[in-house]
Number of protein chains: 2
Amino acid sequence: MWGVTIHAHSRDSASIRDVAKLANVSHQTVSRVLNGHPNVRPATRQRVLDAVAELRFRPNRAARMLATNRSYTVGVLMTASHAYYGPSSVMSAIEDAARDSGYSVLLARPRDTEVAEFSAAVDHLIHEGVEGIVVVAPQIRAAEAMMTLREPVPVVMIQCEVADPGLSVDNEVGGELAAQHLWELGHRRIALVAGPADWSESGARTRGFERFLASVGAQPVAAAGGDWSSMSGYNAFGHLADTAFTGVFCANDQMALGFIHAAFDHGINVPTGLSVVGFDDVPEAAHYLPPLTTIHQDFDVLGRRAVDRLLSAMQQDANAATDEAFSLRPQLIVRKSTIPPVLNPPSALGSP
Amino acid sequence: MWGVTIHAHSRDSASIRDVAKLANVSHQTVSRVLNGHPNVRPATRQRVLDAVAELRFRPNRAARMLATNRSYTVGVLMTASHAYYGPSSVMSAIEDAARDSGYSVLLARPRDTEVAEFSAAVDHLIHEGVEGIVVVAPQIRAAEAMMTLREPVPVVMIQCEVADPGLSVDNEVGGELAAQHLWELGHRRIALVAGPADWSESGARTRGFERFLASVGAQPVAAAGGDWSSMSGYNAFGHLADTAFTGVFCANDQMALGFIHAAFDHGINVPTGLSVVGFDDVPEAAHYLPPLTTIHQDFDVLGRRAVDRLLSAMQQDANAATDEAFSLRPQLIVRKSTIPPVLNPPSALGSP
DNA sequence: CGACCAAATGTGACCGGTCACAAGACTCTC
DNA sequence: GAGAGTCTTGTGACCGGTCACATTTGGTCG
């Protein structure tokens, strides 16, 4: 790969000096027109623009980067895989928003949440010349790793409660909504399937959930944890099988799906034998059997907001961008996986 | 945004000449060491490497790009949104593979499949200096639009039968497997829920499906189309409700999910009242109710293979890379949504 | 030991933009 | 109509790498 250098493509495109010659001005004037500098006579400007059009000129990005030390690129640091609905939705929104503002997006994905991996990924981005970084690293360790790094460019962290001027969906409220919904339906024995302990969203959902229960003098009758996957939701049911409960909150939709599957395999029907609330409102949730009651969050807004904030921080040059924390309120979507506790086996209320 | 230029970040990093001074050699020698040029005395090389380490030097990409007219970047053109499982899985694999080979990935997403949009997106990539392009544009029109463009860099198209040296999962075989499976279970009245007509995968799946049926002297008793979404699968059921059938092939898992949901809403149970086969094997498919029999495809291999091919085409400079077409064979995964036709209402076999 | 060749290293130009500064053109005032 | 001030344009250096070519160094051989 080294050694041999291939001049792979077009060395033929027009340069700013070609345009200048054709328009009969200096290269600097062309540069001024290109950059919208005010002090150019309209006639001259037009002449230059014509030449640009005729030669199909487009400025060379590398040259501009070299000269200005600016890249018009922002980096996204994402630890989660595309398989996770939330992070990848946010990623997509970020890309769109950045493009709309004239920026390119460069993705870096550390393989794990070790500080070293993180640092390497950030270095990579910095080295590529990104002017700012959006971090979508919902694991707590990732956020912490990120906080230890002091970067020369503005950084915006999404969905990470550790960062001070955080930007996130308010997962605690989401957890509360879930608990409140089950409670108000009449459920008194409620279980929890939490997300992985190392994700901050997971903690927040659990916290909100438990906080509401506490506010009415209750607490979860049982709890298990999963890794967001349907399989782990399925397995969680096994861990909870000894306990009787009539409602369960699963920290995301996939786990809810797995949980419902497991319940079915154990002869328990949802919602008649058990009410289930999920979280995320993935597009398929409306068609699960039964259609899943869940908590909806608007990832799109989150992504766009992140880019807005990053860009404004970049404008102000300093990372003095201490915007107020911004929290999106999630929303309860009631479907058919939750009903009042009826016809439950006596044990559900009877045994400890 | 124009007019004001912000020197946002570090103009402070070391250059190749700083390294040269510290190592007491010329800048050119440093360059040689960096590029692994053979004719450098080991002692000198070591001295340079030490200096590089000490100054934490990293070559400036923009400068290299400018000088060599190479970018070490490949472009990905993707028309589908992240919500589609297949394309986003492939995208993810491409990113990993490219990174492993030392390339960055730049994403361009045309808003629609108009030739103009396409052309603009490609222009963007070219202008950013990508050395090759992977097109993940499963819509037929997108592929056609792409074919009309003659680009100065190698292009690899994924999952698009229009392109000659195509690279794809063999969706026809997948369709055949689905039909064969239903047939061998004993189903004789089989329906089809196809994907959107403008996606080539959709056509291929349908073709394979019908081809198998034809080979045993049969044909679908009814057909509807969807747009890949669960909702469209749900609606498809309504269009097929007049016809009696005991098995159905849905061209992707999400539509299968919606279809099962609709069947349930009409009092038909899967699999006892109806057998359903999906396509894709999304991670949740194993936990649908019932767990979905479906066709598995390996998107990861597809993505990596695409990058391999692109890189080799780039090596050979020319786009003379007429590799043989490469087709991944998908695989039938039998779960619980398909059983022999039993206990079906008489009408299922009786009426026309 | 000088000649000769290859290996090792150095020199300056160049890629295509932007920057700082200089210089020319044009107004306006007295 | 000369001087001051503004608007417009031009000049050459520079960013940090690589390239082509020149030069020095080291080794081998007659």
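Only this structure's heavy atoms are used, side chains among them; waters, hydrogens and symmetry mates stay out. Letters go in sequence order (proteins before strands), and every chain restarts at 1. All of these numbers come straight from a predicted model, not from anything done at the bench.
To the nearest 0.5 angstrom, B/D198 atom CG is 6.0 Å from B/Q139 atom CD. In this structure, B/I133 CD1 and B/I126 CD1 are separated by 4.5 Å, a value rounded to the nearest 0.5 Å. Remark: A/M157 CE to A/L77 CG distance equals 8.5 Å, nearest 0.5 Å. Expressed to the nearest 0.5 Å, how far CG of B/L107 lies from CE of B/M91 amounts to 4.5 Å. We find the CD-CG distance between B/E95 and B/D100 to be 11.5 Å, quoted to the nearest 0.5 Å.
With rounding to whole Å, A/R64 atom CZ is found 17 Å from D/dC14 atom C1'. Atom CG of B/L55 is separated from atom C1' of D/dG16 by 15 Å (rounded to the nearest Å). If you measure from atom CG of B/L66 to atom P of D/dT18, you get 11 Å, rounded to the nearest angstrom. Summarising the geometry, the separation between NE2 on B/H27 and P on C/dG12 is reported as 9 Å, rounded to the nearest angstrom. Across the protein-nucleic acid pair, B/M65 atom CE and D/dC19 atom P stand 15 Å apart, rounded to whole Å. Between B/F57 atom CZ and D/dG16 atom C1' there is a gap of 8 Å when expressed in whole angstrom units. What separates CG of A/N35 from P of C/dA20 is a distance of 13 Å, to the nearest Å. The separation between B/Y72 atom OH and D/dT18 atom C1' is 11 Å, rounded to whole Å.
Considering only the side chain of A/Q28, D/dT11 comes nearest among D/dC15, D/dT11, D/dG16. The side chain of B/N60 approaches D/dG16 more closely than any other nucleotide in the set D/dG16, C/dA20, C/dG17.
Checking the phosphate oxygens (OP1, OP2) of C/dT18, a side-chain nitrogen or oxygen of A/S31 falls inside 4.0 Å.
The two residues A/F299 and A/A93 make their nearest non-hydrogen contact at O-CB, 4.1 Å. Residue B/R64 comes nearest to B/T68 through the heavy atom pair O-OG1, 2.6 Å, listed as atom of the first residue, atom of the second, then distance.
In this model, no side-chain donor or acceptor of B/R61 finds a partner on the base of D/dG17 within 3.5 Å. For D/dG17, its base sits under 3.5 Å from the side chain of B/R17 at one donor and acceptor pair at least.
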Heteroatom pairs (N/O) under 3.5 angstrom, protein to nucleotides 7-9 of chain C:
unit_1, atom_1, unit_2, atom_2, d
C/dA8, OP2, B/N39, OD1, 3.2
C/dT9, OP1, B/R41, NH2, 3.2
C/dT9, OP1, B/T44, OG1, 2.4
C/dT9, OP2, B/R41, N, 3.0

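Judged purely by distance below 3.5 Å, without hydrogens or angles, the side chains of B/R141 and B/T79 never pair a donor atom with an acceptor atom.
The overall bend of the helix from C/dC1-D/dG30 to C/dC30-D/dG1, read as the angle between its terminal helix axes built from five base pairs each, is 50° when rounded to 10 degrees.
Listed by chain and number, the residues in a salt bridge (Lys or Arg N to Asp or Glu O under 4.0 Å) with A/R32 amount to none (sequence neighbours excluded).
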